[in-house]
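Presented below is the structure to which this report refers.
Whatever order the structure lists ligands and atoms in, that order sets their numbers, starting from 1. If you read the sequence from its start, that first residue is 1, and numbering goes on from there. Note: hydrogens, waters and symmetry copies are ignored here, and every other heavy atom, side chains too, is used.
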Amino acid sequence: MVLETPAKIEAQPLTERECPVPEPQGGKIRIRVDACGLCHTDLHTVEGDLALPRLPVIPGHQVVGRVDALGTEAVGFREGDRAGVPWLYRTCGRCLFCLKGRENLCERAEFTGLHADGGYADYIVVPHDFAYPLPEGFSDSAAAPLLCAGIIGYRALRISEVRSGERLGLYGFGGSAHIAIQIARHWGCEIYVFTRSQEHRALARVLGASWTGSAEEEPPAALDSAIIFAPAGNLVPHALRVLGRGGTIALAGIYMSPIPELEYRWIYHEKAIRSVANSTRQDARELLDLAREIPIRTEVETFPLSQANEALLRLKQSRIRGAAVLTMTG
Ligand SMILES: [Zn+2]
Ligand SMILES: [Zn+2]
């Protein structure tokens, strides 16, 4: 499913195309795709909210499949191995950020489904050292949301500086939040979930939220940390209003509508607002380990690849329970 010209998802900008099967050169491996998760970033790609470095491009960066060919310098995988591909496609390994262990900020980073063709396809080619073995016990479609929703949710938890036993607010309850809540519960945190969707509130309570409500409501106690998953800048003042002294708000999206003007007293008492930008390979490995250890249970709704437009539309309308995943046939 190829994007040639960005447009609102209602106009169905992705089109089905026959493309040549890509060849893995050098250190790359080729994966025959079985499942690919959908992410809000895909929506921002398809609708042109993000600057697009190349067109046409195949979106999709939560890719699960089997290795079916290896370049001459590829190591770490054998034909038939299950492998996952996340958003981080390649980093330079030489810039200051790469050298400081902050490769998520690499100035020459490339991303799957943006700089390189992604997983809305039967095959994908990826550098061997940016693909991951996946934990047993997860079907292909259940594993897919771990690869962005899971990894970004995990990084957002760390950026939010929430500690064991503290109170954490989650704004928006889609694919990423439904995984992050399971990690935070594992850490013994108390979770308040703010979302308009009654269905999302019900899922949040099943997964251990002790309170659910709307962003305008007052939770039972002040938050130590919050994560805003919804791409809505108007949520920032709401979160600041119920955030305690010294608290941190993590903004988990790659895109957000404008944040309204803030009064200084709202951020006084050393409150912090931090964005979450991409993730490192270390984040991916830690999240996949946690997924096996907890174990994380993903809720997925699956759609055939040919219905990528319809599935993204449902994602935009918050009409997905848990995470949406495309499955390949044949
Ligand atoms: Zn770099
Ligand atoms: Zn993503």
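Geometry about the Zn ion (ligand 1) gives an angle of 110° between SG of C98 and SG of C95, rounded in steps of 10 degrees. With the Zn ion (ligand 2) at the apex, C148 SG and C39 SG define an angle of roughly 130° (rounded to 10 degrees). Rounded to 10°, the angle formed at the Zn ion (ligand 1) by SG of C106 and SG of C92 is 110°.
Ring pair W87/F130: centre-to-centre distance not below 6.0 Å.
N104 places a side-chain N or O within donor-acceptor distance of the main-chain N or O of A277, the cut-off being under 3.5 Å. The backbone N or O of V75 sits less than 3.5 Å from a side-chain atom of H128, completing a donor-acceptor pair. Side chain of H186 to main chain of Q182: no donor-acceptor pair is present (N/O by atom type, distance under 3.5 Å, no hydrogens or angles).
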